[in-house]
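Letters A, B, ... mirror the listed sequences (proteins, then strands); counts begin at 1. No experiment lies behind these values; they were computed from the predicted model shown.
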Amino acid sequence: MSTIGYESWAVDLANVGAIYPFQGWEVAMTVIGVLFWIGWHRIQFVRENAHLENAKKRALDHERIQKSVERY
Amino acid sequence: MDGNLNALTTVFTEFYYWVTVVFMFLIHVGFCMYEVGASRRRNHMHTLMKNVMVIPLVTVTFFFFGWWIYWAFPMFPFFGGLDTDAGAANLPWAETMGPNAADRITGVFWAAFLLFSWTAASIVSGAVIERIRSSALWVHAVLIGSVWWIIDAAWGWHYGGWMVQYLGYHDAYASGVIHAIAGGYALGVIMVLGPRIGKFAQDGTPRDIPPHNPWMLTIGIFLIYTGFWGFYAACNVPAISPEAIGGQITGTTWTATNIYLAPTSLSGITFNFLMSLSGGLMAAYVVSKGDAFWTFSGGLAGVITASAGNDLYHPIQAMIIAAIGVVIVYRLHYWVERRFKLDDAVGAVAVHGYAGFIGLVIAGFVLWGAPSSPYEGYATINPVGQFIGALIMFFGLGFLPAFVVAKMQAAAGVLRIPEEVELEGLDYAEHHAYEDAKEAIIEADKAYLASKVSPAE
């Protein structure tokens, strides 16, 4: 058994095409790859939203603190 | 060079390796920039000189004995004696080790390997900044650059190496033979060297010591990426006939090969270099929550994780493998830092050592059963062989010798700089002429300015 389809290099390279592992699974690999890519965007959107919300709250707090200070 | 085709192939191959060497020089430039950027202002010159002097020291020792080791050690000492026949043409006094009209490959091939030696030494150099003595580091640089890594290359990165023959060891773009060993070596040194003053709080909590210049780090790591292209190309034989390989391949179709003379293509490794870089960057960005330096380093760690099998992986496999490696590397780095109180100033142990180790193991599974060599009777690639290979690289030839030599240096009092000097900064302690000159000219300028400004102003 060999994941690349060749157990030895006793071959004529003129007759050899793809030599990567799991040939025949290209579509499945593409699906996994696309999920990885889309998932990355999803994580980024969620995280950035949360980050900006926190930043906004901090900015508001800062303003409130400044007013409190000015109020003496 | 008999015949036009033969002449063209020979000159092309000579030029090909020459170009890879020039590209790989950028790796060292990048390491220097990264280290200096990561160091504090009071340690710049020392940090730079420590890494610059790696170049001549490793070069001359690689000429004197490193290159000979590669050719003489493939079966030595466990499975045979020294191959003195192959070694003879690579001794410093051999006629082929100089301008020779009958040999057009030795010099450029020697240089390609030598640039890998610099890289191995430079990886160690980054981990130990701001507290190691230069004299101690330079001994380590010679040992990793001209002895230990080239022994591992003879065993596991040579078409006749015993690890390839008996373990089916496969490490096309040096996950183990450069990165795992250098990371393991750095770990051995920093375990003895200890952390920088202030790295850990009283309760053992690690403190971040931020780089003084983030932009130098950024450019530095991008230069390392650029040099890595040359590194990948240098790991290949660009064009060779089945007849010249002399193995099991039949027919007359020429091919590019990896270092084991097994088929691959420049096209394939270009796909995989970029996809593994991307997988590493994306995973590192997520896992580090957008930390710039971990993201950049994650790109490198991604390539390193996938490198063992990047001659054969499908590009999507390369991307996913890189991403998996980076997540593990990141978590492992902080766990080790907290658990063992180790100060790896640039994350070298993680980015190179852990990524290289993991990459070897993953390749054993993904390439299971693939031929490791075009020659008959060699073991095929398998997880057990890859795991044993990873242990040999990281611990056997990396961590262990580093730990022993560092212990000897520590016992002799020549490993670490004095505490007072560490606080004052190495630039003043070791390069005081430069600092004195700076101070003198600043004083002179201030005095001149004072003379021009009237008290009323």
Handout entry: Interatomic spacing from CZ in A:Phe36 to OG in B:Ser278 - rounded to 0.5 Å
Key = 9.0 Å
Practice task
Please work out which of the three classes, parallel, tilted or perpendicular, describes the rings of B:Tyr285 and A:Trp40, given edges at 30° and 60°.
Solution key: tilted
Completion exercise
For A:Pro21 and B:His314 the tightest heavy-atom approach is CD-N, 4.1 Å
Run the side-chain donor-acceptor check on residues 322-334 of chain B: report pairs under 3.5 Å with partners two or more places apart or on a different chain.
{"unit_1": "B:Tyr334", "atom_1": "OH", "unit_2": "B:Trp294", "atom_2": "NE1", "d": "2.9"}

Practice task
Identify which of B:Ala370, B:Gly251, B:Gly268 forms the greatest number of heavy-atom pairs closer than 4.5 Å to chain A.
Solution key: B:Ala370
Handout entry: Structural part of B:Met282 lying under 4.5 Å from a heavy atom of chain A
Key = both
Handout entry: Whether over 12 other heavy atoms sit under 6.0 Å from A:Gln23 CD
Key = yes
Fill in the blank from the handout: Which of A:Thr30, A:Val31, A:Val34 passes side chain to side chain contact (heavy atoms under 4.5 Å, CB included) with B:Ile316? Answer is A:Thr30
Problem - B:Leu367 portion near chain A, given a 4.5 angstrom heavy-atom threshold - result: both
Exercise for the section: State, yes or no, whether a side-chain contact exists between A:Thr3 and B:Trp368 at a heavy-atom distance under 4.5 Å. Expected result: yes
Practice task
Step through the shown structure and confirm whether more than 12 heavy atoms of other residues, nucleotides or ligands are within 6.0 Å of OH on B:Tyr16.
Solution key: yes
Exercise for the section: Heavy-atom distances under 4.5 Å only: say whether B:Ser265 touches chain A with side chain, backbone, both or neither. Expected result: neither
Exercise for the section: Name the option with the most non-hydrogen atom pairs under 4.5 Å to chain A; the candidates are B:Ile320, B:Thr250, B:Thr253. Expected result: B:Thr250
Handout entry: Residues in residues 43-55 of chain A near chain B [non-hydrogen atoms, under 4.5 Å]
Key = A:Ile43, A:Gln44, A:Arg47
Handout entry: Within 6.0 angstrom of B:Trp229 CH2, more than 12 heavy atoms from elsewhere
Key = yes
Problem - Polar side-chain atom of A:Trp9 near backbone of B:Tyr375 as donor-acceptor pair, under 3.5 Å - result: no
Handout entry: Atom pair CE (A:Met1) and OG1 (B:Thr380), whose distance is rounded to the nearest 0.5 Å
Key = 8.0 Å
Problem - Engaged part of B:Ile249 at the chain A interface, taking heavy atoms whose separation is under 4.5 Å - result: both
Handout entry: Pairwise side chain to side chain donor-acceptor pair (under 3.5 Å) hits with a residue in residues 155-164 of chain B, at least two apart
Key = none
Handout entry: Members of residues 10-19 of chain A whose heavy atoms come closer than 4.5 Å to chain B
Key = A:Ala10, A:Val11, A:Asp12, A:Leu13, A:Ala14, A:Ile19
Exercise for the section: Check B:Gln317 against A:Phe22 and note the closest heavy-atom contact, atom names and distance. Expected result: NE2-CD1, 3.5 Å
